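Heads up: the structure comes next, in structure tokens.
The structure presented is a predicted model; accordingly, all values stated were derived computationally and were not measured.
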Amino acid sequence: MPTNLDSALPVWDLTDLYTGPEDPKIAQDFASGEGHIKELAKLQGSFLSARGNPERLGLLIDQAASLYEKAMDDMGGALAYATLASTIDRENPQIAKLQSDLGAQASMISSDSLYLSLELNKLDDWEIEQALKAVDKAQKWRPWLRRIRASRPHELSAELERLMLERAPAVGQWTRLFDETLTRLRAKVGKEQLTLNEALTRLSSPQPAVRKAAAGGLTEALKENAPVLALALNTLAFEKQVEDRWRKYEAPAASRHLANEVDKDAVDAMADAVAESYTALSHRYYKLKARILGKKQLDFWDRNAPLTQEVQKKYGWDESKKIVLDSFRQMGIEFADRAQVFFDRPWIDAAPRPGKSSGAYAHPVTANRHPYVMLNFTGDRREVLTLAHELGHAVHQTLCQPLGSILADTPLTLAETASIFAEGLVFEHLVADASAEDKKALLAGKIEDCLNSVIRQIAFHRFEERFHATRLDGEVSVPQINAIWLEVMGESLGPAIKLNDGYEYWWAYVSHFVHAPFYVYAYAFGDLLVSALMEKRRQDPQGFTPLYKTLLSGGGTKAYTEALAPFGMNPRDKAFWKMGCARLEGLIDGFEALL
């Protein structure tokens, strides 16, 4: 933890939700949610019987969506509480049990609403359109219906849909096993036993020996736990494979594309554009970095090393808060004010501690409650950017709240836009008055962050593609997984990075592979999209802000092509993604010019 903190790091007070895991209000809220679902269940058959009566059908659509949203709000708070509480206390069996039990209950309760999408999808498009035109208040639910109708080719029978839903909590226990294994994992470094987060943090140490020791300890810990982590990954991949086959998805990533409301062609165009830029971006930059550090080749644990062995600046919490708020203010006072509330209230948990999950996130909870932000603040520059990233999510989530929980839900590809844009604002703020030497360090940090969110995430995406393709032929052994990992990471990192013995096990700590298969490309999508948005802002700062606020406030009401149309962007075009890669190449040009 940083030594120059000027304020104690904040921790959550979750009593805005519940007083604790035994709070009777958790059961009460679930009972209320169940009541709304039972009311919704009474409408079964009504939608088909209302055919030929557009006004009746429109009223039914509004009634059903409203009941479903109320149930989401009632049960969503309890489910969010269990998730938040487990994040900061992974080793608490009471909270683990609560999270597991609530997930199972929610699945059982929700099964009574399964008929809804099945019945709506038996209606023709023109019947839905007539119903929406006949009842004004039903128009609100057009985006919700668009999402439901998109799944028509992949729906199963009512009985099979219920089976899938009710068995989901049991399947989810494999994710829990993966998470708890990583939480208990300890990297032996000298006389110390480091958590995963502590070991990863040391890879940014200015001291080569510290980085090497942390990497060695973490490698041994990952190797030891690889069989269990690989079993979880294999089992969940097989579960997905079976479901995809029944739902007639043409490829393992197809269901993610559908959830993100993006075209396969757009994602493939982006991935290809990034892969074609490996040489000009990651290969070139790491070669420059190796030269700066006086090496022909960097060991993998030096990838995120600072450029000098001098102790890097540590940012205090108050200083970081000011930097973020000042940066947000550049977009208008409303953006800063919305972020300020999170500092004023106990809605941020920043203090690293045993039992707390590594990483960072912003949880929206439900639209009738406030979001929560989690990170592990160490005072490094990257943690300042992480704070901005998660607060970008949080501000986005508060802007969406008036839409309600159903429509506020934003596809990942657009959800990452707000967070990465917030990082960009902070970077601009930091670099504006920096000296030449500081600017070099800031540029290096920014370039490395971009490489991590674009090059690295597309490499992760390609790892998932190859792993899932291999899984079709049977269980993928640890050595096979290791080989796939080394192949894709070698392609992306290039010859200037040495993949030392043991690196083959480093796939094992990437929890996204288990939590949300094919999630990772959304980071690259968002980063490259933000590059284009930042250029639009540079061209017209005054005109940009209202368009940007409209984009964020729209939540999930528009598909990504429609949402980006006012900016004149077409993500289906490979040239669009090449523009984002060219912007990153420009940063590398600027960095090299300072050497």
Side-chain angles (χ1 to χ4, degrees), residues 1-2 9-14 17-18 20-21 78-100 102-103 172-187 193-204 214 217-218 221-222 225 228-229 232-233 236 342 346-365 371-380 382-383 385-387 389-391 393-394 397 412 415-416 419 452 457 460 506-517 519-520 523:
M1 290 177 60
L9 291 174
V11 296
W12 282 331
D13 177 357
L14 298 179
L17 293 172
Y18 302 98
L79 292 167
Y81 171 78
T83 297
L84 296 166
S86 67
T87 291
I88 56 176
D89 198 1
R90 279 288 179 199
E91 297 175 2
N92 186 321
Q94 185 182 19
I95 293 173
K97 182 180 185 306
L98 175 70
Q99 187 176 27
S100 177
L102 289 182
Q173 296 294 352
W174 288 99
T175 303
R176 175 182 170 187
L177 173 64
F178 190 95
D179 287 343
E180 291 183 356
T181 300
L182 288 181
T183 299
R184 289 192 298 268
L185 178 149
R186 292 295 181 269
Q193 297 285 336
L194 303 182
T195 64
L196 173 62
N197 190 65
E198 289 169 339
L200 292 173
T201 297
R202 290 198 183 182
L203 297 181
S204 297
L218 186 51
L222 292 173
N225 288 278
V228 172
L229 298 170
L233 185 62
L236 288 166
F342 285 82
W347 298 352
I348 300 176
D349 196 301
R353 54 199 186 272
K356 181 180 177 181
S357 294
S358 61
Y361 66 75
H363 197 310
V365 189
Y372 287 85
V373 167
M374 189 281 279
L375 67 154
N376 287 275
F377 188 80
T378 61
D380 294 334
R382 280 192 175 87
E383 290 303 325
L385 293 172
T386 298
L387 175 61
H389 182 105
E390 301 308 338
L391 281 172
H393 277 309
Q397 290 158 2
L412 291 175
E416 287 301 328
S419 53
N452 283 334
Q457 300 305 323
F460 284 179
W506 282 56
W507 55 267
Y509 81 88
V510 185
S511 58
H512 281 112
F513 297 154
V514 162
H515 278 265
Y519 178 106
V520 289
Y523 289 112

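From Leu236, atom CG reaches atom OG1 of Thr175 across 4.5 Å, with rounding to the nearest 0.5 Å. For the atom pair CD of Gln173 and CG of Asp179, the computed distance is 11.0 Å after rounding to the nearest 0.5 Å. To the nearest 0.5 Å, the span separating CG on Asp89 from CD1 on Ile95 amounts to 4.5 Å. The distance from the CG atom of Leu391 to the CH2 atom of Trp347 is 12.0 Å, given to the nearest 0.5 Å. In this structure, Thr378 OG1 and Asn197 CG are separated by 8.0 Å, a value rounded to the nearest 0.5 Å. Rounded to the nearest 0.5 Å, atoms OH (Tyr372) and OH (Tyr81) are 10.0 Å apart.
Residues Thr87 and His363 fail the side-chain proximity criterion, which asks for heavy atoms closer than 4.5 Å. Within the 4.5 Å cutoff, the side chain of Trp507 has no heavy atoms near those of the Val510 side chain. Considering only heavy atoms from C-beta on, Tyr509 stays 4.5 Å or farther from Leu185 through its side chain. Side-chain atoms of Asp380 and Thr201, non-hydrogen and from C-beta on, do get closer than 4.5 Å to each other. Pro352 has its side chain within reach of Leu9: a pair of non-hydrogen atoms, C-beta onward, lies under 4.5 Å apart. Counting only heavy atoms from C-beta outward, the side chains of Leu84 and Tyr361 approach each other to under 4.5 Å. The shortest side-chain heavy-atom distance between Leu182 and Asn225 does not fall under the 4.5 Å cut-off. Here the side chains of Arg176 and Arg90 are not in contact, with every heavy-atom distance at 4.5 Å or above.
When every heavy atom of Leu79 is checked against every heavy atom of Gly103, the shortest pair comes out as CD2-N, 4.1 Å. In this structure, Ser204 and Arg382 approach most closely via the heavy-atom pair OG-NH1, 3.9 Å. When every heavy atom of Ser358 is checked against every heavy atom of Met374, the shortest pair comes out as O-CE, 3.9 Å. Across Ala362 and Ala394, no two heavy atoms sit closer than the pair CB-N, 4.2 Å. The shortest non-hydrogen separation linking Ala187 to Ala221 is CA-CB, 4.2 Å. Closest approach of Phe178 to Ser511, counting heavy atoms only: CE2-CA, 3.7 Å.
Residues satisfying the ring-ring contact (aromatic ring centres under 6.0 Å, His included) criterion with His515, sequence neighbours excluded, are absent altogether. Shown here are the side-chain hydrogen bond (donor to acceptor under 3.5 Å, both in side chains) partners of Thr83, two or more places apart in sequence or in another chain: there are none. Looking at residues two or more places apart in sequence or on another chain, you find a side chain to side chain contact (heavy atoms under 4.5 Å, CB included) between Ala214 and Arg202, Leu203.
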Let's go through Phe513 and Leu233 carefully: what are the C-alpha distance in whole Å and the side-chain angles of both, what is the deciding distance for side chain to side chain contact (heavy atoms under 4.5 Å, CB included) to 0.1 Å, and is it a yes or a no? CA-CA 7 Å; Phe513 297 154; Leu233 185 62; 3.9 Å; yes

I would like to know whether Val373 and His393 meet side chain to side chain contact (heavy atoms under 4.5 Å, CB included); could you show each step before the answer?
-> CA-CA 9 Å; Val373 167; His393 277 309; over 6 Å; no

Practice item. Before giving the answer on side chain to side chain contact (heavy atoms under 4.5 Å, CB included), spell out for Glu390 and Phe342 the whole-Å C-alpha distance, their side-chain angles and the decisive distance to 0.1 Å. Key: CA-CA 11 Å; Glu390 301 308 338; Phe342 285 82; over 6 Å; no

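Although no hydrogens or angles enter the test, the distance criterion places no donor-acceptor pair under 3.5 Å between the side chain of Ser100 and the main chain of Lys97. Side chain of Arg186 to backbone of Thr183: a donor-acceptor contact under 3.5 angstrom is found. A donor-acceptor pair under 3.5 Å is formed between the side chain of Asn376 and the backbone N or O of Ser357.
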